[in-house]
Protein chains: 2
Amino acid sequence: MAGHGARGRSGGRPTLEEVAARAGVGRGTVSRVINGSPRVSDTTRAAVEAAVAELGYVPNTAARALAANRTDAIALVVPEPETRFFAEPYFSDMLRGVGAELSETEMQLLLIFAGSDRERQRLAQYLAAHRVDGVLLVSVHADDPLPDLLSQLEIPAVISGPRSEAETLPSVDSDNYGGGRSAVEHLLSRGRTLIAHITGRLDVYGAQRRVDGYRDALRDAGHEVRESLVEQGDFTEEGGRRAMTELLARHPDLDAVFAGSDVMAAGARQVLREVGRRIPEDVALVGYDDSAIARHMDPPLTSVRQPIEEMGRRMLDLLLTEIADRRPAVSRGLERRRVVLATELEVRASS
Amino acid sequence: MAGHGARGRSGGRPTLEEVAARAGVGRGTVSRVINGSPRVSDTTRAAVEAAVAELGYVPNTAARALAANRTDAIALVVPEPETRFFAEPYFSDMLRGVGAELSETEMQLLLIFAGSDRERQRLAQYLAAHRVDGVLLVSVHADDPLPDLLSQLEIPAVISGPRSEAETLPSVDSDNYGGGRSAVEHLLSRGRTLIAHITGRLDVYGAQRRVDGYRDALRDAGHEVRESLVEQGDFTEEGGRRAMTELLARHPDLDAVFAGSDVMAAGARQVLREVGRRIPEDVALVGYDDSAIARHMDPPLTSVRQPIEEMGRRMLDLLLTEIADRRPAVSRGLERRRVVLATELEVRASS
DNA sequence: AGGTACTGTGGGAGCGCTCCCACAAGTGAT
DNA sequence: ATCACTTGTGGGAGCGCTCCCACAGTACCT
C-alpha cells in the first residue's frame, strides 16, 4: 500500500469501531448488520454495508469467538492413521459431501487424525480447549472412548457408522445389512452355490451388519449357512489374502466370494490367481465400497456402493442441528437423529 | 436461557486468573509458565504447574489469538476439486508428512479446498480474516492468483512445486527433471528405441520439467528427439487415453511410453490393450507417482516415486521458519528456501 | 555507600468483538 | 392526554488472554 499516512492509530485491519464511525452509527448497530439481525432499519443497514465495503472490513474471528464463546469451526475426526484414511475412498467422498454442505455456511472444517496415542492425546487437549463447536466422527470402533469424552465435554457430535444398535450419538449410516444381502442375492442369482464371505473387522458395527445380510440372504434362499464359509478379515489387502487362503483350504470347491471391502477383495483376487482360479469363471468375486480399486481391478470388480457423499452431507446437517439446539436436548426423540441410506450394487465383470 | 441468576462467574472452564489465585501468584506469572518463558523461578513454576494440573486448566485459544494476534493454525490449501486431491495419493502422502511434523508443535492444520469459484471466494475471505498464521500451497498452476493474494496479505506461505524457475515463494519440490530422465534412461537400457511421452498439464512446472528430462535423456543417449512422440495429457485417465490414441496413430511402431502420471498410464494401458498391444512385450509402460494404481495395475506399473511425505515435512519446516521470522524478511538469501528432493524409479513388470 | 545491572514478579491496559441494558421515538389503545 | 408496547439504536461491560511497564529483591561492580 502506498503512503498510509495518518490513518489513526491503526495501520492494521479495520475494526467494528472504525466501520461504525464511518457509517455514523454505533458499534452495536454494525454488529447487528454483520450478524444479520432483523432489528435494523433499511437505511441504516445500507449505510453500514457501504462502510463495510469501503473499508474492506472483515470480522476478527478470534474476537468474535472470545466474546460469543463459539468458534464457527467443526472438526472431522478420523481415528485411524492417515494412511488408511486415504487408502479407502470412503473418507474422501464423505469429505466431499461435508465440504459441499459446509460451503453453504460460514463454518470452517478441520481435519483431525487421531491414529496414534500421541495424536489422541493432542485431540483430547484440543477438544478440552473447545476449539470446535462440533465434531464429526468417522469410522469409530466399538470400544473407542472418544464418544464418551465428547459427551462428557458436552460437545455436539455426529457419528458415521453407529458403534452398535444402541448408539447414543446421532448417526448416519448406509444400509450395511441390505448391502450384504444384495451382494449375496446377486451371486445366488448368478447360479453360485458355495458363497464365502470375508468380513471386515468385527468391532466395526457395519462389518457385522454385512455378515448378517450375508447370512440372512443365504438362509432366505433356503441355503444352509456354514460358519466355515465366513472368515474374518481386517479391511486390509493382506487380511484379504490371509482370509482367502483359509477359505480355499477349507472349501476348495467354493464358487463365489463376497468380500467386506474392495481392498480385501483385491487381496483375495491375488490368492485366487496364484492358485489358478479364474475370475469369474471359477470363482465370482464381489467387493464393497465401489472404490477406484474396484474399477481398475482385472477383471473389474462388482461392488456394493454406498452413497457416501450423501452421508457426509447428512452428517453435517445433523451436526448443525445439534449445535443449533445446544440445550438440555433431553426432549427430542431419537428417531430423526438416526439416518440410514440405501446402497446399490454395481455389477461388473468379476461376477 | 433458564434463570442464569448469580452465575457465580465460575461454572465454566478455569481461567488464567483462577490458576493464578490457586497458585498464589499473579496472572503474568502463570502466562509465563504456560508459554515456557525462562524468566520464572523453579519453585514458582512448580506451584503453577500444580495448580494447572489440579484445575485441569486449558488455555482459551480465542483469547490468546485475540491478544497475541496469532492463531496457531496453518492451512493446507488445495486449489483443486476434492476429487482430484484424493484420486492421487500425492496429496495424502504429503498430508501425512505435514501431519507428522506438525504433531511436534502446538499448531493446528486446516485443510481447505479451493476448486470452485465459490470456494476460492470463501478462501479469500478466510485469508483476509487472517485466520491462519501461514499457508501451505499444493499443486498450484502457473497463472494462479493465490500466491499473489497471499503475499499481498503478508501471510507466510510455502509452495510445493514452484510455478516456474522464477518462483518467489519458498518451495519444496521433487526432482521432476531427474525423475523424467530416469524413466527414459530405464526404458533405453531395456532396449526400447521409440519412446513416447504423455505429459501432464504443461501449466504445471513439474510436468514441464519431466518433459525436459525426457528430452535430455534421449538426446544424451544420441537419439533424435521427435516432437511427434510427445503428446499433452492433463493428469486424468481420460487424458491418458486420448494422448495414447494420438500417439499410436502417429507412431504405430512405438515400443515404449513414459506417462507423466500413473493415472494417465492407466488410461494409456486401456488403449494399448484395446488395440491388442501387450505390455511389456510390445510396449513398455512407465508411470509417475508410484501410486496404489501402479501396484494394482495389470501388469504392475513401473513408476517414478517421489519422496512426498518427506516433501510435506520439509514444507512445514520451511513454513514454520517463515512464520518465526515474520519480519521484513528481505534479508535472507533464497538458497535455503528452495528444497529439491531426489526421486526413485520403482521398476515393475510393465517395462 | 552508592550505582548499575540483572532476575523475578504483579497487574494495568488493551485486543475486537457480542451481549444486553437503557433509552429515544413512534404507534395505537384507552 | 396518558399509558403500554414496539422498533431501532448507542454504548458499557465484559470475554480470557498477552504485552509491557513498574518495581522489589539480589548481585556485583565502583
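Below, chain A is the first sequence line, B the second, and so on; all start at residue 1.
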Pairs satisfying salt bridge (charged side-chain N to carboxylate O under 4.0 Å, His left out), at least one member in residues 32-46 of chain B, at least two apart:
none

Side-chain atoms of residues 46-58 of chain B: list all donor-acceptor pairs with protein atoms under 3.5 Å, sequence neighbours left out, distances to 0.1 Å.
residue: E54(B); atom: OE1; partner: R22(B); partner atom: NE; Å: 2.7
residue: E54(B); atom: OE1; partner: R22(B); partner atom: NH2; Å: 2.4

Side-chain N or O of R39(A) versus OP1/OP2 of dG8(D): is the shortest distance under 4.0 Å?
no

Protein-nucleotides 17-22 of chain D N/O pairs closer than 3.5 Å?
residue: dC17(D); atom: OP1; partner: Y57(B); partner atom: OH; Å: 2.4
residue: dC17(D); atom: OP1; partner: N60(B); partner atom: N; Å: 3.2
residue: dC17(D); atom: OP2; partner: L16(B); partner atom: N; Å: 2.4
residue: dT18(D); atom: OP1; partner: N35(B); partner atom: OD1; Å: 3.4
residue: dT18(D); atom: OP1; partner: N35(B); partner atom: ND2; Å: 3.1
residue: dT18(D); atom: OP1; partner: R64(B); partner atom: NE; Å: 2.9
residue: dT18(D); atom: OP1; partner: R64(B); partner atom: NH2; Å: 3.4
residue: dT18(D); atom: OP2; partner: S31(B); partner atom: OG; Å: 2.7
residue: dT18(D); atom: O4; partner: R27(B); partner atom: NE; Å: 3.4
residue: dT18(D); atom: O4; partner: R27(B); partner atom: NH2; Å: 2.9

Which of residues 44-56 of chain B have a heavy atom under 4.0 Å from DNA chain D?
none

For residues M107(B) and L320(B), determine if any side-chain heavy atom of one lies less than 4.5 Å from a side-chain heavy atom of the other.
yes

Does this structure show an ion pair linking E322(A) with R337(A), if we count only N-O contacts that are shorter than 4.0 Å?
yes

Can you check whether V33(A) reaches V25(A) side chain to side chain, under 4.5 Å on heavy atoms?
no

What bend angle does the helix from dA1(C)-dT30(D) to dT30(C)-dA1(D) show across its length, from five-pair end axes and to the nearest 10 degrees?
50°

Apply salt bridge (charged side-chain N to carboxylate O under 4.0 Å, His left out) to E119(B) and R122(B), showing your working.
CA-CA 5 Å; E119(B) 287 173 332; R122(B) 252 168 68 88; over 6 Å; no

For L319(A) against G134(A), the heavy-atom pair lying closest together:
CD2-C, 3.9 Å

Report yes if the side chains of D317(B) and V158(B) come closer than 4.5 Å at any heavy-atom pair, otherwise no.
no

For S151(B), enumerate each residue passing the side-chain contact (heavy atoms from CB on, under 4.5 Å) test, keeping only those at least two apart in sequence or located in another chain.
none

Is any side-chain heavy atom of L150(A) less than 4.5 Å from a side-chain heavy atom of L169(A)?
no

Counting only side-chain nitrogens and oxygens, does T29(B) get under 4.0 Å of the OP1 or OP2 atom of dT9(C)?
no

R13(B) atom CZ is separated from dC15(D) atom P, nearest whole Å, by 14 Å

Of D42(B) and L66(B), whose closest DNA chain C nucleotide lies nearer the 5' terminus?
D42(B)

